[in-house]
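Along the sequence shown, residues are numbered consecutively beginning with 1. Since this is a predicted model, take the numbers as computed values, not measurements. One-based numbering, in listed order, for ligands and for the atoms of each.
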Amino acid sequence: MTKKIQCLISAGPTREWIDPVRFISNPSSGKMGYALAEEAVARGFEVDLVSGPVSLTPPPGVRLHRVVTADEMEKTMKELLDRAHLVIMTAAVCDHRPKKQWSEKLSKEDFPKNLEWVKNNDIVRGLSAARKNGQKIIGFAAETTDAMAHAAEKLATKGLDWIALNDVSQKGIGFASDFNDVTLLSSAGETIALGRETKKKTAQKILDRVWP
Ligand code: PMT
């Protein structure tokens, strides 16, 4: 019997808590990552879906791992890395978390005028540094300016095989939309525009390229 392709996908936002009732996050809905997970299952892959807080129903057949913070996402992705053939990091991970997290709700009066921040680890960079031969790692780049240059830099510095660039300053695509407009860049120098599509179709086109 041939061994099934193991696919590890992250989706959605992370939340970084200030106190028990307040956090910093971003508008990721999880739609792009869930579409990739659904398509990967349709192709017969076994899928671990590591999801930040979203309101989507997980696609049937995935192994769902719910996380909230970037730290939790990092820990879970690292635990699952070993068995993965293909890793796709669509999650919109918060780059920073508050230096201090209050264990009780801050009153309006006590809420600090300025917050200090610490950097979260770059999860996908850590995964690519730890990978074994043959594992493929795909990142996403959400950009608003100098999109191509920033995506190319992330592809190289994060040690990725492919990066899926979406210019999220474009109306009607990217965060929370049912549509996306992705350009794939590869470490081998390819640039492939997938065009404006539903996220379902975008997921199909991405998998056609990265795992033909
Ligand atoms: O969820 P949806 O509403 O469907 O929206 C989809 C999307 C816009 C979130 C998705 O298409 C997308 O662009 N995801 C990546 C968002 C992002 O965080 O991009 P970035 O350019 O900041 O990060 C680049 C890459 O590094 C990403 O693969 C990201 O997952 C990864 N990263 C970033 C920061 C961090 N601390 N660790 C990481 O691994």
Side-chain angles (χ1 to χ4, degrees), residues 8-16 24-39 49-59 67-78 80-81 86-97 117-131 136-185 187 194 196-203 205-206 210:
L8 172 59
I9 299 175
S10 73
T14 65
R15 285 180 182 171
E16 311 303 327
I24 179 174
S25 190
N26 61 66
S28 172
S29 64
K31 286 179 181 176
M32 191 66 249
Y34 278 53
L36 278 158
E38 189 170 9
E39 183 56 29
L49 176 60
V50 178
S51 177
V54 298
S55 54
L56 302 175
T57 305
V67 296
V68 177
T69 64
D71 268 0
E72 288 167 14
M73 183 170 280
E74 180 181 25
K75 186 170 171 282
T76 307
M77 294 295 287
K78 278 184 168 166
L80 296 168
L81 176 66
L86 173 64
V87 180
I88 310 181
M89 191 81 191
T90 68
V93 183
C94 290
D95 288 315
H96 298 88
R97 64 179 183 277
W117 301 93
V118 290
K119 258 194 177 168
N120 285 327
N121 289 336
D122 190 316
I123 301 173
V124 81
R125 190 195 289 238
L127 298 176
S128 80
R131 76 164 112 181
K136 271 197 181 177
I137 305 195
I138 322 303
F140 268 69
E143 305 296 342
T144 58
T145 49
D146 293 332
M148 277 289 193
H150 286 143
E153 193 192 330
K154 287 176 185 175
L155 173 73
T157 57
K158 293 174 190 260
L160 307 172
D161 296 291
W162 291 87
I163 197 156
L165 159 66
N166 37 195
D167 178 345
V168 292
S169 68
Q170 283 180 40
K171 287 227 163 9
I173 64 139
F175 287 110
S177 171
D178 289 326
F179 296 86
N180 214 346
D181 189 347
V182 160
T183 299
L184 283 173
L185 311 182
S187 57
L194 303 183
R196 189 179 188 281
E197 298 282 6
T198 60
K199 283 185 176 166
K200 183 181 172 64
K201 189 77 190 165
T202 301
K205 287 188 171 184
I206 290 173
V210 305

Counting only heavy atoms, which portion of [X] has something under 4.0 Å from ligand 1: side chain, backbone, both, or neither?
{"X": "Lys199", "result": "side chain"}
{"X": "Lys158", "result": "side chain"}
{"X": "Ser29", "result": "both"}
{"X": "Asn121", "result": "backbone"}
{"X": "Asn166", "result": "side chain"}

(message) Going by the closest heavy atom to atom 23 (O) of ligand 1, which one wins out of Phe140, Tyr34, Phe175?
(response)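 Looking at heavy atoms only, the winner is Phe140.
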(request) Kindly identify the option in Asn26, Ile163, Val93 whose heavy atom sits closest to atom 35 (C) of ligand 1. (result)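 Result: the heavy atom closest to atom 35 (C) of ligand 1 is in Val93.
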Quick test: of every protein heavy atom, which one is nearest to [atom], and how far off is it to 0.1 Å?
{"atom": "atom 1 (O) of ligand 1", "answer": "Ser28 OG, 2.6 Å"}
{"atom": "atom 20 (P) of ligand 1", "answer": "Lys154 NZ, 3.7 Å"}
{"atom": "atom 19 (O) of ligand 1", "answer": "Ala142 N, 3.5 Å"}
{"atom": "atom 18 (O) of ligand 1", "answer": "Ala92 CA, 3.4 Å"}

Could you check whether any heavy atom of [X] sits closer than 4.0 Å to an atom of ligand 1, since that is the contact criterion I want to use?
{"X": "Ala70", "value": "no"}
{"X": "Ile138", "value": "no"}
{"X": "Gly12", "value": "no"}

Can you tell me if [X] uses its side chain to pair, donor with acceptor, with the backbone of [Y] under 3.5 Å?
{"X": "Lys158", "Y": "Arg125", "answer": "no"}
{"X": "Lys199", "Y": "Asn180", "answer": "no"}
{"X": "Glu143", "Y": "Leu165", "answer": "no"}
{"X": "Asn166", "Y": "Val182", "answer": "no"}
{"X": "Thr14", "Y": "Cys94", "answer": "yes"}

[X] to ligand 1: N or O pair under 3.5 Å?
{"X": "Met89", "result": "yes"}
{"X": "Asn120", "result": "no"}
{"X": "Val124", "result": "yes"}
{"X": "Ala141", "result": "no"}
{"X": "Val168", "result": "no"}
{"X": "Ile123", "result": "yes"}

Run through [options] and flag the one making a side-chain contact (heavy atoms from CB on, under 4.5 Å) with [X].
{"X": "Val124", "options": "Val93, Ile137, Val87", "value": "Ile137"}
{"X": "Trp162", "options": "Ile88, Ile206, Leu184", "value": "Leu184"}
{"X": "Asp71", "options": "Lys75, Met73, Glu74", "value": "Glu74"}

Give the numbers and elements of all ligand 1 atoms closer than 4.0 Å to a heavy atom of [X].
{"X": "Gly139", "answer": "28 (O)"}
{"X": "Asp122", "answer": "35 (C), 36 (N), 37 (N), 38 (C), 39 (O)"}
{"X": "Asp95", "answer": "34 (C), 35 (C), 36 (N)"}
{"X": "Asn180", "answer": "11 (O)"}
{"X": "Ala91", "answer": "15 (C), 16 (C), 18 (O), 29 (C), 30 (O)"}
{"X": "Lys31", "answer": "1 (O), 2 (P), 4 (O)"}
{"X": "Met32", "answer": "4 (O), 6 (C), 11 (O)"}
{"X": "Thr90", "answer": "9 (C), 10 (C), 12 (C), 14 (N), 15 (C)"}

(message) Let's go through Glu153 and Asp146 carefully: what are the C-alpha distance in whole Å and the side-chain angles of both, what is the deciding distance for side-chain contact (heavy atoms from CB on, under 4.5 Å) to 0.1 Å, and is it a yes or a no?
(response) CA-CA 11 Å; Glu153 193 192 330; Asp146 293 332; over 6 Å; no
(message) Could you check whether any side-chain heavy atom of Ser51 comes within less than 4.5 Å of a side-chain heavy atom of Leu56, counting everything from C-beta outward?
(response) no
(message) Test of understanding: with side-chain contact (heavy atoms from CB on, under 4.5 Å), list the residues that count as partners of Pro53, not counting sequence neighbours.
(response) Pro13, Arg15, Val68
(message) Measuring from atom CD1 of Ile123 to atom CE of Met89, what distance do you get when rounded to the nearest 0.5 angstrom?
(response) 4.0 Å
(message) Working to the nearest 0.5 angstrom, can you tell me the gap between Ile163 CD1 and Thr183 OG1?
(response)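 Separation between the atoms: 11.5 Å.
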(request) Mark yes when over 12 heavy atoms from residues, nucleotides or ligands other than Lys200 sit less than 6.0 Å from its NZ; otherwise mark no. (result)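 Not buried by this count: 12 neighbours or fewer within 6.0 Å.
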(message) By the side chain to side chain donor-acceptor pair (under 3.5 Å) test, which pairs, at least two apart or in different chains, include something from residues 88-97?
(response)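 Pairs touching residues 88-97 that pass the test: Arg97-Asn120.
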(message) Applying side-chain contact (heavy atoms from CB on, under 4.5 Å) to Phe179 and Thr202, what does each step give before you reach the verdict?
(response) CA-CA 8 Å; Phe179 296 86; Thr202 301; over 6 Å; no
